[in-house]
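The structure appears right after this line, and notes come after that.
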Amino acid sequence: PLPKALSDISMLEIHGDVYVIGGFLSGVQQSSIYQLSCSSGICSWSVLNQQLEVGRRHSVVMPIQDHFCTGI
């Protein structure tokens, strides 16, 4: 289970980890990003220090390569 009972989340898998981004809880759009990591069959959630600038729900998420963000 997620650390919080979020609805309307967006999920993304990158290199075997699952990321849950935003969502909706108690009438408020959320800005937190959660990471689910598993090792040897043991999985745990962590909250990333990075957050969305504005809380969102029902958003579309996709991975992009670093060079799209560096201005090169």
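These numbers come from a predicted model, not from an experiment.
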Exercise. Cluster question for you: counting only ILVMFWY and a side-chain heavy-atom cut-off of under 4.5 Å, with indirect links fine, are Leu52 and Tyr34 together?
Worked result: no
Exercise. Val61 and Ile33: same hydrophobic cluster, using ILVMFWY side-chain contacts below 4.5 Å?
Worked result: yes
Seminar exercise, completed: Scanning both residues in full, the closest heavy-atom pair of Leu6 with Gly22 reads CD1-O, 3.8 Å
Exercise. If every non-hydrogen atom of Leu12 is compared with every non-hydrogen atom of Met62, which pair is closest and at what distance?
Worked result: CD1-CA, 4.0 Å
Exercise. For Ser10 and Ser59, which heavy atoms make the closest approach, and how far apart are they?
Worked result: OG-O, 2.6 Å
Exercise. CZ of Arg57 to CG of Leu25: how many Å apart, nearest 0.5 Å?
Worked result: 11.5 Å
For this session: Measure the NZ-OG distance between Lys4 and Ser26 for me, rounded to the nearest 0.5 Å.
Result: 9.0 Å
Problem set entry | Atom pair OG (Ser32) and CD1 (Ile21), whose distance is rounded to the nearest 0.5 Å | 11.5 Å
For this session: Evaluate whether atom CD of Gln50 has more than 12 neighbouring non-hydrogen atoms of other residues, nucleotides or ligands under 6.0 angstrom away.
Result: no
For this session: State, yes or no, whether a side-chain contact exists between Leu2 and Val20 at a heavy-atom distance under 4.5 Å.
Result: yes
Problem set entry | Neighbour count above 12 (heavy atom, 6.0 Å) for Ile42 CD1 | no
Exercise. Where the side chain of Trp45 meets the backbone of Pro1, is there a donor-acceptor pair that is under 3.5 Å apart?
Worked result: yes
Problem set entry | Euclidean distance, Gln29 CD relative to Phe24 CZ, rounded to 0.5 Å | 6.5 Å
Exercise. Does Gln30 use its side chain to pair, donor to acceptor, with the backbone of Val28 at less than 3.5 Å?
Worked result: yes
Problem set entry | All pairs passing disulfide (SG to SG under 2.5 Å) where residues 7-39 contributes a residue, at least two apart | Cys38-Cys43
For this session: Determine, step by step, whether Val54 and Ser31 satisfy the side chain to side chain contact (heavy atoms under 4.5 Å, CB included) criterion, reporting the C-alpha distance in whole Å, the side-chain angles of both residues, the deciding distance to 0.1 Å, and the verdict.
Result: CA-CA 6 Å; Val54 176; Ser31 58; over 6 Å; no
For this session: Would you give the length of the straight line joining atom CG of Leu36 to atom OH of Tyr19, rounded to the nearest 0.5 angstrom?
Result: 10.0 Å
